[in-house]
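In what follows, a single structure is set out as structure tokens and then discussed.
The structure displayed is predicted, hence computed values, not measured ones.
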Amino acid sequence: MQYVIIHFTQETFSDAVAIFQNPAKEVSAHYVIRSVDDSIDQCVREQNIAWHAGNWDYNTRSIGIEHESYVDQPKYFTDAMYEKSALLTASVCDRYSIPKDRAHILGHVQVPGADHTDPGPNWDWVRYIRLVNLLGTG
């Protein structure tokens with residue numbers, strides 16, 4: 001693995017998980033984090049490829065983490081969600097020796113060919129990368 005890709009569901013947590021469990025939707029992610037209580041649901045094992053980036057090459061080299069949130073509704077970006085997500089990202093980075101920086105922890109919008117805008121301008125990347133580095137072991 002070379003990347004962690006940060007996504008927003010643009011759906012509720014339960015709707016996102018249901019979508020990822022439906023093979024007809026042809027979309028998945030490794031993890032989904034709920035905003036309210038920071039619960040995590042693993043939808044795809046890390047050793048398997050999830051279809052989350054919209055770019056096969058990036059799908060094969062990344063872990064996709066979805067967040068129950070909407071690009072234009074920062075009220076979903078709770079402290080608990082930032083912290084739980086950063087802890088998960090730090091753990092993934094430590095397991096795969098992924099550098100904990102913005103060149104390797106990407107927003108979906110940064111994936112070549114992506115037609116998504118998430119996580120959008122309201123996501124606090126400085127805070128997030130700082131948390132990832134604080135919570136990681138490497």
- prompt: With hydrophobic residues grouped by side-chain heavy-atom distances under 4.5 Å, do V17 and V27 end up in a single group?
  reply: yes
message: Rounded at 0.5 Å granularity, tell me how far NE2 in H108 sits from NE2 in H116.
response: 4.5 Å
Residue pairs passing the ring pair (Phe, Tyr, Trp, His ring centres under 6.0 Å) test where at least one lies in residues 73-97, sequence neighbours excluded: F8-F77, Y70-Y76, F77-W123, Y82-W123
task: Nearest 0.5 Å please: distance from the CD1 atom of I5 over to the CG atom of D118.
output: 10.0 Å
query: Does K84 pair with D79 as a salt bridge, N-O distance under 4.0 Å?
result: no
Joint hydrophobic cluster, I129 plus V109, side-chain heavy atoms closer than 4.5 Å: no
- prompt: Which pairs pass ring pair (Phe, Tyr, Trp, His ring centres under 6.0 Å) with one or both residues in residues 9-34, sequence neighbours excluded?
  reply: H30-H52
message: Under 4.5 Å side-chain heavy-atom separation, chaining through any Ile, Leu, Val, Met, Phe, Trp or Tyr, what else clusters with V126? Say none if it is isolated.
response: none
statement: CG (D41) and OG (S14) are apart, to the nearest 0.5 Å, by 10.5 Å
message: So does A103 get a backbone contact from the side chain of D101, meaning a donor-acceptor N/O pair under 3.5 Å?
response: yes
field: Heavy-atom side-chain contact between Y3 and V111 under 4.5 Å
entry: no
- prompt: Between W125 and L106, which heavy-atom pair has the shortest distance, and what is it?
  reply: CH2-C, 3.8 Å
K25 vs Q21 side-chain heavy atoms within contact, under 4.5 Å: no
message: Distance check, rounded to the nearest 0.5 Å: R45 atom CZ versus N48 atom CG?
response: 7.0 Å
query: Are S85 and H67 close enough, and set up right, to give a side chain to side chain donor-acceptor pair (under 3.5 Å), and what steps lead you there?
result: CA-CA 8 Å; S85 177; H67 298 75; 2.6 Å; yes
query: Can you tell me how far NE2 of H104 sits from OG of S62, rounded to the nearest 0.5 angstrom?
result: 12.0 Å
- prompt: Below 4.5 Å, heavy atoms only, C-beta onward: do Y128 and P119 meet side chain to side chain?
  reply: no
- prompt: Is there a chain of hydrophobic side chains (I, L, V, M, F, W, Y, each step under 4.5 Å between heavy atoms) that links L131 to I65?
  reply: yes
- request: Please check if V32 and I19 belong to a single hydrophobic cluster, counting links between Ile, Leu, Val, Met, Phe, Trp and Tyr side chain heavy atoms closer than 4.5 Å.
  value: yes
- request: Quickly, which of I33, V132, V4, I63 forms a side-chain contact (heavy atoms from CB on, under 4.5 Å) with L88? Name it, please.
  value: I33
field: Atom pair CD (Q10) and OG (S69), whose distance is rounded to the nearest 0.5 Å
entry: 7.0 Å
Shortest non-hydrogen contact between P112 and N55, atoms and distance: O-ND2, 2.9 Å
task: Would you mind reporting whether T12 and E68 have side-chain heavy atoms less than 4.5 Å apart?
output: yes
- prompt: Checking side chain to side chain contact (heavy atoms under 4.5 Å, CB included) for the pair I105/T89: CA distance, chi angles, key distance, verdict?
  reply: CA-CA 8 Å; I105 302 171; T89 296; 3.8 Å; yes
message: I need the minimum non-hydrogen distance between A50 and S28, along with the two atoms involved.
response: CA-OG, 3.4 Å
task: Would you indicate whether the side-chain heavy atoms of I98 and Q2 approach each other to under 4.5 Å?
output: no
message: I'd like to check L87 versus E83 (side-chain heavy atoms, cut-off strictly below 4.5 Å). Are they in contact?
response: no
task: Grab the two heavy atoms, one from N59 and one from A53, that are nearest each other, plus how far apart they are.
output: OD1-N, 2.8 Å
query: Looking at C93 and P99, what are the two nearest heavy atoms and their distance?
result: SG-O, 4.3 Å
message: Taking D94 first and then K100, would you say they form a salt bridge - that is, a charged N and a carboxylate O separated by under 4.0 Å?
response: yes
field: N122 (side chain) donor-acceptor with V71 (main chain) under 3.5 angstrom
entry: yes
Lys NZ or Arg CZ of R61 over Y58 ring: under 6.0 Å, within 45°: yes
- request: Carefully, step by step, assess W51 and V44 under the rule side chain to side chain contact (heavy atoms under 4.5 Å, CB included).
  value: CA-CA 10 Å; W51 185 261; V44 176; over 6 Å; no
Donor-acceptor contact below 3.5 Å, side chain Q73 vs main chain K75: no
task: Could you go through the side chain to side chain contact (heavy atoms under 4.5 Å, CB included) check for R102 and Q110 one step at a time?
output: CA-CA 10 Å; R102 286 289 286 123; Q110 294 173 265; 2.9 Å; yes
task: Consider only side-chain heavy atoms of I, L, V, M, F, W and Y, link residues closer than 4.5 Å, and tell whether I6 and M81 are in one cluster.
output: yes
